[in-house]
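Quick caveat, the model's predicted, so the values are computed rather than measured.
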There are 2 protein chains.
Amino acid sequence: MAREIPDATVARLPIYRRSLVELASTGAEMVSSAALADLAGVNAAKVRKDLSYLGTYGVRGVGYDVKFLLRQIGDALGLDIETPVVIVGMGNLGQALAHYGGFSSRGFPIVALVDASEAKVGQVVDGIAISHIDDLDTIVKEHAIAVGIIATPAEAAQIVADALVAAGVRSILSFAPSVLHVPETVPLRKVDLATELQILGYYQQRESPAEGGNTDKSA
Amino acid sequence: MAREIPDATVARLPIYRRSLVELASTGAEMVSSAALADLAGVNAAKVRKDLSYLGTYGVRGVGYDVKFLLRQIGDALGLDIETPVVIVGMGNLGQALAHYGGFSSRGFPIVALVDASEAKVGQVVDGIAISHIDDLDTIVKEHAIAVGIIATPAEAAQIVADALVAAGVRSILSFAPSVLHVPETVPLRKVDLATELQILGYYQQRESPAEGGNTDKSA
DNA sequence: GTGAGCTTGTGCGTTCGTGCACAAGCGGTA
DNA sequence: TACCGCTTGTGCACGAACGCACAAGCTCAC
């Protein structure tokens, strides 16, 4: 499994991938680090260093093979196989996420929806019937679900996280505005919409030339 | 306007704020850096250093005044006044964001919704009628809108960003999976849901003890 | 007034990320 | 074969972030 890839690099790989997919669709076969850097909105040296962590696949004087690079990045990110996802919490956000096509098309099919409200159980969203949270364990095992998305209110988030971990989910993406504690072995990422706006508020107030001080989760 | 606050600190201020609001609701008047660190899921020394950028308001041997600290953080983030927001793109995500109450309740009321589809214009979502993108300029000026949220497909994102900047929006939050170019004076933050999942994929595959590498661990 | 016990504020060493700059290396041309 | 132009891979130096560890300073008890 190659060497360790730095966190900052891992966060950029999906962006390179997106750019490469676009490039591939235009028929391009090779790409230079400078061209890719331009597409991804980063520094060319950074691109080269990032890609070097995947192993060395560029050809000096020529560039990188687009398709080969795509496969390499896909492998590093574990996109060679589909990763089934469950969404917990079918409020506005949860329903929107369920409808959002960007997950399935990128290898993360949503295979189950869960909520705690009896009223919602049984309703069909985007072709999937909502199940009750009490059945979470069975559902996760049945579909071999690897990723749990938490779209519940903050109060329920920790309980849901614990349930997901107990059921055997391997990583968690949380939209709940709260601190979550999970075992070290379960990667956790958080997206808090209100927090993002507040951060913008600071830079806006300053009218500073900053980039928003982003974690640079995407681009 | 105090001193410069480091990016990493700015990103944590909203989390401290969230913890303090919770604390205040329990009636607590003072809080130590250790207690706050615990609530926010970070190191105590980091909390103290972060807060020191706001100016020094802690009392040795005692701690920090909860209410005062809340006001200081609010000031730093520019939350003393309401910041009107417009959402561009009324697809699934846009509609979910429009319904999401977390914005208004934290000082970012959604005052306008915009879409390019004639079919959607006029529809009412969460009490607000959808306007046409061509009227963006007027709308932004009329409501003195400061923040634009982009929830359109990737292809439209850059055009929308340009339009928002031209209309006078001061900062942008984008959910579109694409690279955006805006003037240095306009803070921009990006959230890409598929990217988040792909990053999780890397760490999951590794089953490393890392925490998803980014923004910070538990929060 | 004096001492004990906390808690803050910060200096400092360490680690991580960034990007410049250049040598190494490949392909094409004569 | 020899040379030229282009692009990769990386050494290096700089800066940001982190967290330990400790001195400074406040409150309370007696």
- Task: Check the surroundings of atom NZ in Lys141(B): do more than 12 heavy atoms from other residues, nucleotides or ligands lie under 6.0 Å from it?
- Result: yes
- Query: Just checking, any donor-acceptor pair under 3.5 angstrom between side chains of Asp7(A) and Tyr202(B)?
  - Reply: no
- Message: Would the distance check show the side chain of Thr83(B) and the main-chain N or O of Leu79(B) forming a donor-acceptor pair, the cut-off being under 3.5 Å?
- Response: no
- Message: Measuring to OP1 and OP2 of dC26(C), would you say a side-chain N or O of Tyr64(A) lies under 4.0 angstrom away?
- Response: no
- Item | Side-chain donor-acceptor contact under 3.5 Å, Asp50(A) with Tyr16(A) | yes
- Message: Rounded to whole Å, how long is the line connecting atom CD1 of Ile5(A) with atom C1' of dC16(C)?
- Response: 16 Å
- Query: dG9(D) C1' sits how many Å from Leu54(A) CG, rounded?
  - Reply: 14 Å
- Message: Taking 4.0 Å as the cut-off, does a side-chain nitrogen or oxygen of Ser33(A) come that near to OP1 or OP2 on dT8(D)?
- Response: yes
- Separation of dT14(C) C1' from Asn43(B) CG (nearest whole Å): 14 Å
- Options dT10(D), dT10(C), dG27(C), nucleotide nearest the side-chain atoms of Val62(A): dG27(C)
- Message: Taking the nucleotide of DNA chain C with the nearest heavy atom to each, does Gly63(B) or Ala45(A) sit closer to the 5' end?
- Response: Gly63(B)
- Item | Nearest-Å distance for atom pair CG/C1', residues Leu51(A) and dT10(D) | 14 Å
- Message: When you measure from the side-chain N and O atoms of Lys49(A) to the phosphate of dT10(D), is any distance below 4.0 Å, counting only OP1 and OP2?
- Response: no
- Task: Using atom NZ of Lys46(A) as one end and atom P of dG11(D) as the other, report the distance to the nearest whole Å.
- Result: 19 Å
- Message: Nearest whole Å is fine: how far is dT8(C) P from Met30(B) CE?
- Response: 9 Å
- Are the charged groups of Arg18(A) and Asp192(B) less than 4.0 angstrom apart, N to O? yes
- Query: To the nearest Å, how far apart are Arg12(B) CZ and dA17(D) P?
  - Reply: 8 Å
- Message: As a test of reading the structure: which of dT7(D), dG25(D), dA17(D) is closest to the side chain of Arg60(B), going by heavy atoms?
- Response: dG25(D)
- Query: So does Arg48(A) get a side-chain nitrogen or oxygen closer than 4.0 Å to the phosphate oxygens (OP1/OP2) of dC20(C)?
  - Reply: no
- Query: Asp7(B) has an atom CG; how far is it from atom P of dT18(C), in whole Å?
  - Reply: 12 Å
